[in-house]
Each structure stands twice: as structure tokens, then as C-alpha cells.
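Input: a single structure, listed below in C-alpha cells.
Just so it is clear: chains get the letters A, B, ... in the order the sequence lines come, proteins before strands, and each one is counted from 1. Please read all numbers here as calculations on a predicted model, not as lab measurements.
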There are 2 protein chains.
Amino acid sequence: MPKPELPRPTEAELAILRVLWERGPSTVREVTDVLQEARGTGYTTALKLLQIMTEKGLVQRDETSRAHAYEAVASAETTQRQLVTDLLDRAFGGSARQLVLQALSAKRASRDELAEIRSLLDEFEKKAKS
Amino acid sequence: MPKPELPRPTEAELAILRVLWERGPSTVREVTDVLQEARGTGYTTALKLLQIMTEKGLVQRDETSRAHAYEAVASAETTQRQLVTDLLDRAFGGSARQLVLQALSAKRASRDELAEIRSLLDEFEKKAKS
DNA sequence: TACATCCTACGAAACTCTTCGTTGACAACT
DNA sequence: AGTTGTCAACGAAGAGTTTCGTAGGATGTA
């Protein structure tokens with residue numbers, strides 16, 4: 001089988017994924033502690049979300065210890081790419097140029113960031129040549 | 001008053017906005033005809049959405065003629081910037097570099113597109129200099 | 001005038017998302 | 001054994017989203 005094709009994470013789910021990407025496999029308690037701070041998420045809320053995300057296949061659960069450990073199934077990069085592709089199709093008619101333009105003008109990218117992006121372009125151009 | 005700060009459009013609402021941006025002020029019938037094709041949206045569905053969007057302030061309604069004409073309040077650019085900013089915060093921790101990277105690798109941007117983006121960078125760099 | 005057509009308005013149904021209260025199991029400590 | 005604390009599970013409430021059926025008014029035509 002190729003790849004189960006995960007659903008797009010919702011807003012609250014994405015917040016949880018960000019914690020898991022940052023921390024690696026974590027318990028409900030650990031996730032809650034981070035999100036309690038950041039967005040006031042309660043324990044049972046985080047638990048319920050993680051249970052739903054397990055059903056959806058967004059996270060994997062290790063039930064070895066009493067406090068189950070949850071881990072993101074897809075990497076940050078994969079998920080981010082999915083989200084960008086989605087936004088590109090839904091809001092930009094597929095125009096990467098427009099999206100980059102809005103990203104840069106929204107963010108007021110710094111000089112360093114601009115240089116980094118420029119070197120990204122170099123790589124892509126090299127790849128496109130082949 | 002400064003600016004009413006519009007809510008982020010939902011998925012179906014965004015589809016409607018895209019039609020309005022493309023066509024300019026349009027009736028429910030005209031919007032439906034486009035979306036019927038693209039996503040099977042029925043007449044009353046489009047009407048209801050436009051009514052809700054009017055309440056939210058996303059569109060303005062001209063009731064002069066019997067068939068009311070709806071017009072997007074925010075420009076495509078403004079809305080796109082809002083959506084990108086949102087995604088940047090929610091999924092990329094504010095890193096425009098990462099977002100651009102994923103956009104380019106997801107899209108497999110063409111040579112022309114890469115050149116266009118490069119010239120965008122030139123402009124931004126010029127602006128950052130001042 | 002009668003009939004068909006197009007329009008808005010309303011409301012409800014189905015669904016998703018998010019949150020949280022409650023319950024019962026398990027564990028640790030006294 | 002009894003108390004306290006932590007845990008997963010479940011269910012339900014409440015909000016938002018999307019869809020559509022139905023009703024009623026206006027317009028156009030036979």
C-alpha cells in the first residue's frame with residue numbers, strides 16, 4: 001500500500017501536532033502542560049483530541065505504560081507541505097508566485113531571510129535544469 | 001474607525017469569494033452557475049452562504065435590482081495575505097523561509113515562476129534597504 | 001386573470017469541531 | 001483497608017459550517 005493519505009489537521013489538532021513535533025512522543029499530561037500555557041487547553045480536551053487524532057491516523061499511540069505516549073505520524077515537513085498545497089489550491093488558484101509574494105509582504109522578511117530564500121531558489125533552479 | 005477586521009472565510013466562503021473576485025459583483029444565480037460546475041453547489045446553498053457572508057461583513061449586498069448583487073468587501077490580495085499570515089503562525093511558527101520552501105517544493109515551480117519570484121526578491125530587498 | 005418562473009427568506013437537518021463533566025480503573029501513600 | 005491522585009474512556013453540550021426543502025413575493029407570459 002502506497003500511503004494512507006492523512007486528513008488535513010484542524011486548528012486544535014495542528015496545535016497538538018506542533019507540540020509533538022517539538023517534543024517527540026509525549027503523554028497527554030505533557031501535551032496539556034504545554035497547551036495549557038499557550039491556549040488554555042484542559043486535560044480532557046487534549047485527551048479527547050488525541051483520541052480522535054488516533055482514529056484519524058494523525059498520531060500513533062504507544063500503550064505500553066499506563067500513561068500512553070502519542071507520536072505524530074507525519075513529519076512537520078510533510079504536513080506543512082500538505083497545508084501549503086491546500087492553501088495554494090483553495091486561495092491562490094495554484095499560483096506559487098502570488099503565495100510567495102503575500103508571504104513576504106505579510107512577514108516583512110528580514111535581509112537574512114531574503115538571502116536564505118534566494119539560495120533556496122538557486123537550489124531549485126539547479127534541480128529544474130536536470 | 002480603522003478597519004472592522006473581517007473574519008477568516010471558511011472553505012465554502014472562500015470558493016464564493018474567488019468567484020466574486022474573478023467576476024466582480026454578481027447575483028446568486030451567477031455565483032451558483034460557476035460553483036455548480038466546480039463543486040456541485042446548489043442555488044439555495046449559495047444564497048444562504050452569501051446571506052451569512054453579508055452578516056459577517058465579507059461581502060456587500062446591492063439590493064437595487066430584484067436579483068441582489070453581491071460584491072467582495074476585501075480584495076483578493078488582502079484576504080490572501082490574511083490567510084498566509086494565519087498559516088504562517090499556525091503551522092510554521094512564523095518562519096517565512098520554511099513556508100516558501102514548502103510552497104516551492106510542493107508546486108515544483110517552473111523556470112519562469114522561479115525567475116518571477118527572484119525578481120520579487122529584488123524588489124523586497126530594495127525596499128528593505130531604505 | 002391564471003400559470004409558470006425566478007427571486008429572497010427562513011428554518012431545520014446533518015455534520016464537524018471543541019470543550020469539558022463524569023465515571024471507573026489503577027496506583028501510590030498512610 | 002482507606003484515601004488521594006492520576007489516568008483513559010465515554011458522552012454530551014454548544015458552536016460553527018454546509019446543505020437543502022419549503023414558503024411566499026415579484027415578474028413575465030399565455
Name the nucleic acid region contacted by B:R39, choosing base, sugar-phosphate or nothing; use a 4.0 angstrom heavy-atom cut-off, strictly under.
nothing
Would you please confirm or rule out a distance under 4.0 Å between OP1 or OP2 of D:dC10 and any side-chain N or O of A:Q51?
no
Look at the side-chain N and O atoms of A:K48 and state whether any lies under 4.0 Å from the OP1 or OP2 oxygen of C:dT16.
no
Is there a donor-acceptor contact under 3.5 Å from the side chain of A:E13 to the main chain of A:L49?
no
When you check the phosphate oxygens OP1 and OP2 of C:dC6, does a side-chain N or O of B:Y43 lie under 4.0 Å from one of them?
no
Is it the case that B:S26 and B:R23 place a side-chain donor and acceptor less than 3.5 Å from each other?
yes
Under 3.5 Å for both pairing distances: what stems, at least three Watson-Crick or G-U pairs long, include DNA chain C?
C:1-30 with D:1-30
Please check this pair: side chain of B:E30 against backbone of B:T27, looking for a donor-acceptor N/O pair closer than 3.5 Å.
yes
Short question: side chain of B:T54, backbone of B:L50 - any donor-acceptor pair under 3.5 Å?
yes
Report, as yes or no, whether the 6.0 Å neighbourhood of atom CD on A:Q36 holds more than 12 heavy atoms from other residues, nucleotides or ligands.
yes
Reported CG-to-CZ distance for the pair A:L83 and B:R90, which is rounded to 0.5 angstrom:
7.5 Å
Once you round to the nearest 0.5 Å, how far does CG of B:D122 lie from CD1 of B:I117?
12.5 Å
State whether B:T41 places a side-chain N or O below 4.0 Å from either non-bridging phosphate oxygen (OP1 or OP2) of D:dT18.
no
What's the closest nucleotide to the B:A67 side chain, out of C:dC7, C:dT18, D:dT17?
C:dC7
For a quick test of reading the model: is some side-chain N or O of B:T45 closer than 4.0 Å to OP1 or OP2 of D:dC20?
yes
Take nucleotides 24-30 of chain C nucleotide by nucleotide from the 5' end and write B, S or -, depending on whether a protein heavy atom sits under 4.0 Å from the base, only from the sugar-phosphate, or from neither.
--BS---
On DNA chain C, nearest-nucleotide positions of A:T44 versus B:R29: which is more 5'?
B:R29
Distance test, side-chain N/O of A:T10 to OP1/OP2 of C:dT18, below 4.0 Å:
yes
Kindly work out whether a path of hydrophobic side-chain contacts (I/L/V/M/F/W/Y, heavy atoms less than 4.5 Å apart) joins A:Y70 to A:V31.
yes
